[in-house]
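The structure displayed is predicted, hence computed values, not measured ones. Computed over heavy atoms, backbone and side chain alike; hydrogens, waters and symmetry mates excluded. As the structure lists them, so they are numbered: ligands from 1, and atoms in each ligand from 1. Positions are given from 1, in the same order as the sequence printed here.
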Amino acid sequence: MPVQVILGAQWGDEGKGKIVDMLSEQADIVARYQGGANAGHTVVIGDRQYVLHLIPSGMFHPHIICVIGNGTVIDPAALMSEIAQLEAAGIKVSGRLLISHNAHLIMPYHKLLDVIREQTSTKIGTTGRGIGPAYIDKFMRTGIRIVDLLDRDVLAAKLKTNIEEKNRILTRVYGESKIDVDAIIAEYEDFDKRIDEYVTNTAVYLNQAIAAGKSIIAEGAQGALLDVDHGTYPYVTSSNPTSGGACTGLGIPPTAITSIVGVVKAYSTRVGNGPFPTELHDGTGERLRTVGNEFGATTGRPRRCGWFDAVAMRHSVMVNGIEQVAVTKLDVLDGFDEIGICVAYEHRGKRLRHFPTDLRTLEDVTPVFEFFPGWKTPLSAAGRYEELPENARRYLEQMAEMTGTRLWVVSTGPRRDQTIAPPVGADQHR
Ligand code: IMP
């Protein structure tokens, strides 16, 4: 049935790439709805690993049409290099990629401002890809859109106005040197020729596809707890990875969405700054990072690690309408004697009923853990849910029960075949 939203339910890096790649087998279209090249979606096929930043993870199935929606912010240089890398690996992009003419462009000055602001104001720990400054311009109504690339005169005029304004900020506020207007105009005029074949009205395309009964995956980037409205603000990204973002970011109606899947890691990670109640600063956190190879796919930064947080997940389930979960990286827990789940937060002697919206409260909560016995055996041999060790099933079922969700996919390794596909059973908790 038409639109299935696949989104990260935690702080990103849940393994959405693998899940979207797997589901693409049965779909027609994969459409990315927000974010930019700050994302790193990893797909492993055979002995090759691909990391996609902007192009949807359905690209590895030749029948799939990939859409980059209006809600995204596009760095043309990063996009062109991603297309070139895929084509060099024998994956045909031409004729299979559609880019919304309403998506906004990331400019070199956005990346510069991103890096400078990190040094001079609140350190969010951004990826430095210019995401925040590009969305600022979008909402200031001064942004430059993909459609502007198609008209040289409009592009040159808009760029001139924007760069003059940025130069004033760079020189007066930050004491930096000026950006060369002409060099940027020349560079971006060149993208016009190269990007032309992909640009279209993707909202019309997607709505026609919905009417024709095509199966569409709306692919989120980052994660719900990094959502600018529902995440741990201000330590968030500048878009809406939550399910509502799929509608605004693609131009499709909420009524077209038929299911919402939360991709969730069997434990928690976060990259960048901001509150993380279940973070482990000890050897256990270090072990999760080493065994799980928890280093950013985009920036290579070590990720902060901790136990699964059912309180944060319940918030994510609520704001997204998640019914089903795809649990990833369960195999990382293979060697642990016991595995924790945070079941509640305590704050000044009181149990909190909801995930706090106030940052200071969230930074101050004490997580209450329940521990479950590990399974102490490699999961890779299990091909069916029933073949998972009893303690692994028990752990998964606790994750589902505590968050009011249904288990739908379990991933036990990065490869396509290391997946327990639906139905996995254990859906008795809803
Ligand atoms: P920005 O999106 O680069 O502005 O970064 C804002 C915050 O979101 C930072 O904490 C980043 O580390 C985080 N972030 C952005 N993209 C991703 C991602 O794909 N995975 C995990 N964290 C991300």
Ionic contact status for Lys160 with Glu165, cut-off 4.0 Å: no

With Gln222, the side chain to side chain contact (heavy atoms under 4.5 Å, CB included) member among Glu14, Lys16, Gln34: Gln34

Contact (N/O only, under 3.5 Å) between Asn38 and ligand 1: yes

With Pro302 via side chain to side chain contact (heavy atoms under 4.5 Å, CB included) - residues at least two apart: Arg289, Phe295

For atom 21 (C) of ligand 1, closest protein heavy-atom neighbour: Asp13 OD2, 3.1 Å

Atom 2 (O) of ligand 1: nearest protein contact (heavy atom, Å): Thr237 OG1, 2.6 Å

Ligand-residue contact atoms, ligand 1 with Thr126, heavy atoms, under 4.0 Å: 1 (P), 3 (O), 4 (O), 5 (O), 9 (C)

Heavy-atom nearest neighbour of atom 7 (C) of ligand 1 within options Asn273, Val73, Val236: Val236

Inter-residue atom distance Arg270.CZ - Thr278.OG1, 0.5 Å rounding: 11.0 Å

Heavy-atom nearest neighbour in the protein, as seen from atom 11 (C) of ligand 1, with distance rounded to 0.1 Å: Gly125 O, 3.4 Å

Backbone N/O of Ile124 and side chain of Glu118: donor-acceptor pair under 3.5 Å: yes

Heavy-atom closest contact (Leu362 atom, Pro277 atom, distance): CD1-CG, 3.8 Å

Identified ring-ring contact (aromatic ring centres under 6.0 Å, His included) partner of Phe336 from the options Trp307, Phe371, Phe372, Trp375: Trp307

Contact check, Ala39 vs ligand 1, heavy-atom distance below 4.0 Å: yes

Atoms of ligand 1, numbered as shown, that sit under 4.0 Å from any heavy atom of Trp11: 21 (C), 22 (N)

4.0 Å heavy-atom contact, Arg301 with ligand 1: yes

Numbering as shown, the atoms of ligand 1 that approach Leu226 to under 4.0 Å (heavy-atom distance): 8 (O), 13 (C), 14 (N), 22 (N), 23 (C)

salt_bridge(Arg303, Asp13) N-O dist < 4.0 Å: yes

Whether Gln222 lies under 4.0 Å from ligand 1, heavy atom: yes

Whether Arg96 side chain and Cys66 backbone form a donor-acceptor pair below 3.5 Å: no

For Val271, the ligand 1 atoms whose distance to one of its heavy atoms is below 4.0 Å: 10 (O), 11 (C), 12 (O), 21 (C), 22 (N)

Closest protein heavy atom (residue, atom, distance) for atom 3 (O) of ligand 1: Thr127 OG1, 2.6 Å

Residue-ligand contact Asp114/ligand 1, heavy atom below 4.0 Å: no

